[in-house]
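Side-chain atoms are counted along with the backbone in the values below, which use heavy atoms only and exclude waters and symmetry mates.
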Amino acid sequence: VDSIIIPSLTEGFGYTTLESCLLKKITIATSVGAIPDVVFGKYITIEAFSSKAITEGCIKAYNGETELREEIVFEWDKSIKKYINLYHDILKS
């Protein structure tokens, strides 16, 4: 089973998680920061600071015991457009 493990102890936005989900692999990630809000597709959230949780997450992935969120929560195109608009507003000031 192909999967990606993201054992973050802290996390800002969760770009690594988002990129992993876009690869359409099972994502095993700690539930810190924005990760629970960003993760989609087939995923497993695990406790941070726990090697046992990582092991259990891998076993769940192998057995197909994943959570599923079909909608993509974050879209690059919308984010880029918002940044461009922000920069234009700043330059106008």
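I6 and F13 fall into different hydrophobic clusters, defined by Ile, Leu, Val, Met, Phe, Trp and Tyr side-chain heavy atoms under 4.5 Å apart, directly or through other members. Hydrophobic clustering of Ile, Leu, Val, Met, Phe, Trp and Tyr side chains at less than 4.5 Å, counting indirect connections, unites I28 with I54. Linking ILVMFWY side-chain heavy atoms closer than 4.5 Å, directly or via other members, places I59 and I5 in two distinct hydrophobic clusters.
In this structure, R69 and D37 approach most closely via the heavy-atom pair NH1-O, 3.6 Å.
Once rounded to the nearest 0.5 Å, the distance linking CG of L18 with CG of L23 reads 10.0 Å. The OH atom of Y15 lies 12.5 Å from the CG atom of L22; values are rounded to the nearest 0.5 Å. To the nearest 0.5 angstrom, K42 atom NZ is 13.0 Å from E65 atom CD. Distance check: L68 CG to F40 CZ gives 11.0 Å after rounding to the nearest 0.5 Å. To the nearest 0.5 angstrom, I46 atom CD1 is 9.5 Å from E56 atom CD. Between the CD1 atom of I4 and the NZ atom of K25 there is a distance of 7.5 Å, given to the nearest 0.5 Å.
Between T66 and I44 the shortest side-chain heavy-atom distance falls below 4.5 Å.
Members clustered with L9: F49, by chain and number, using a 4.5 Å side-chain heavy-atom cutoff among hydrophobic residues.
For S50, the side-chain hydrogen bond (donor to acceptor under 3.5 Å, both in side chains) test picks out no residue, with sequence neighbours left out.
Judged by distance alone, the side chain of T30 and the main-chain N or O of S8 form a donor-acceptor pair under 3.5 Å.
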